[in-house]
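Any value given below was found using the heavy atoms of this structure, including those in side chains, with hydrogens, waters and symmetry copies removed. Proteins get letters first, then strands, A, B, ... in listed order; numbering begins at 1 in each.
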There are 2 protein chains.
Amino acid sequence: MSEEMNIFVEYLKKKDLKLTDQRREILNTFLRIDKHLSVEELYDIAKKKDPSIGQATVFRTLKILCDADIAKEVDLGDGKVRYEHKYGHEHHDHLICTKCGRFIEVVDSQIEKLQEEMCKQRGFTQKLHKMEIFGICKNCRKK
Amino acid sequence: MSEEMNIFVEYLKKKDLKLTDQRREILNTFLRIDKHLSVEELYDIAKKKDPSIGQATVFRTLKILCDADIAKEVDLGDGKVRYEHKYGHEHHDHLICTKCGRFIEVVDSQIEKLQEEMCKQRGFTQKLHKMEIFGICKNCRKK
DNA sequence: CTTGATTTTGAAATTCAATATCAATTATAA
DNA sequence: TTATAATTGATATTGAATTTCAAAATCAAG
Ligand SMILES: [Mn+2]
Ligand SMILES: [Mn+2]
Ligand SMILES: [Zn+2]
Ligand SMILES: [Zn+2]
């Protein structure tokens, strides 16, 4: 049983929510496919294992996984929210290939520091930030 | 007649599009209200001057203004696309106050440089980037 | 000016992701 | 086992954005 599943079970207990087959299966699928998937994509995969799972339950379960800090929304404003693993993952930003759709995860401590400074200078209290760089990845460039 | 209006007129001519009262009024409203407005907000304002203007036309015209590099989409992934002035404005990022909704425009040449380096290191060709920092602005903090 | 091909318009219909509704089903503690 | 409360999936609904379409407007040519 994965760490995340333990956390999930505990979280559900704490919130008086119930552990169901669907929720278990959705979490397992989410963990197995380590990508930035949309609900639709995750739903299609989970459905294969258990055809009785409904879209609404996938939406609902991913929201719970976010509340439990197991998943995190990634919204690029392209009309579909995606979800990534949060548990055991530090904050990071993304380089996104507009050709193949690959997400490259990056952190630059210097940039993070400069962001802090920039906010401080303006009396702005930073809560969170998003940095996304769009372009063409190494692989796609070669071809 | 504003610079932007000249550009718009030229752009329309070049693309065999027509200059209409609605398009003129939408651009003027857009220029007058120098904020990051959603289509809905811009529509409500433009409608007061000319009640016959329809939402669809506002959507359509803002798309044209983007094509003409007069306007630029700002999509924070909160379900509503906003538009800002592009003509005569350099690239910049945003500090966004989650309390009052204010947009503070910022550029940090050091950050921009580090972003370039980061991409270079990974063989990633940067096309564009978005950086948004969410938090509480000076004004809202005081209260 | 007119003319007339072509574009544009606004209202309404449609799309699409996300959310809400609801009766039937299921989990879980007593 | 039973009672209660949560959960489910199908379906309906929402809200932003887009498409459709017949009527109206633009604008270049005459
Ligand atoms: Mn990521
Ligand atoms: Mn701006
Ligand atoms: Zn790629
Ligand atoms: Zn504020």
Any base atoms under 4.0 Å from A:S52, or only sugar-phosphate, or nothing? Heavy atoms, all strands.
sugar-phosphate

When Ile, Leu, Val, Met, Phe, Trp and Tyr are grouped by side-chain heavy atoms lying under 4.5 Å apart, directly or through other members, which residues fall in the same group as A:V107?
none

DNA chain D: B:K13 or A:V58, which has the more 5' nearest nucleotide?
A:V58

Whole angstroms only, please: what is the NZ-P distance between A:K47 and D:dT8?
17 Å

With sequence neighbours excluded, tell me which residues meet salt bridge (Lys or Arg N to Asp or Glu O under 4.0 Å) with B:E73.
B:K63

Among all residues two or more places apart in sequence or in another chain, which pass the side chain to side chain donor-acceptor pair (under 3.5 Å) test with B:D78?
none

Answer yes or no: is there a donor N or O on one side and an acceptor on the other, between the side chain of A:T98 and the main chain of A:G135, under 3.5 Å?
yes

The single option from B:V81, B:D44, B:L62 passing side-chain contact (heavy atoms from CB on, under 4.5 Å) against B:V39:
B:L62

Nearest whole angstrom, please: distance from the C1' of C:dT9 to the CD1 of B:I64.
12 Å

Heavy-atom nearest pair, B:C137 first then B:C97, reads N-SG, 3.4 Å

For the atom pair CE (A:M131) and CE (B:M118), what is the distance rounded to the nearest 0.5 Å?
4.5 Å

Could you state the atom-to-atom distance from CZ of B:R82 to C1' of D:dA17 in whole Å?
15 Å

When every nucleotide of nucleotides 16-24 of chain C is labelled 5' to 3' by its protein contacts under 4.0 Å (heavy atoms), B for base, S for sugar-phosphate only, - for none, what sequence of letters results?
-SBBBB---

Donor-acceptor list for residues 25-37 of chain B side chains, cut-off 3.5 Å, not counting sequence neighbours:
residue: B:E25; atom: OE2; partner: B:T29; partner atom: OG1; Å: 3.0
residue: B:N28; atom: ND2; partner: B:R24; partner atom: O; Å: 3.4
residue: B:T29; atom: OG1; partner: B:E25; partner atom: O; Å: 2.9
residue: B:D34; atom: OD1; partner: B:H85; partner atom: ND1; Å: 3.4
residue: B:H36; atom: NE2; partner: B:E84; partner atom: OE1; Å: 2.7
residue: B:H36; atom: NE2; partner: B:H94; partner atom: NE2; Å: 3.3
residue: B:H36; atom: NE2; partner: B:E105; partner atom: OE2; Å: 3.0

Would you jot down, in residue-number order, the residues of residues 15-37 of chain A having a non-hydrogen atom under 4.0 Å from DNA chain C?
A:K18, A:L19

Atom pair distance, as rounded to whole Å: CG in A:D78 and C1' in D:dA16
15 Å

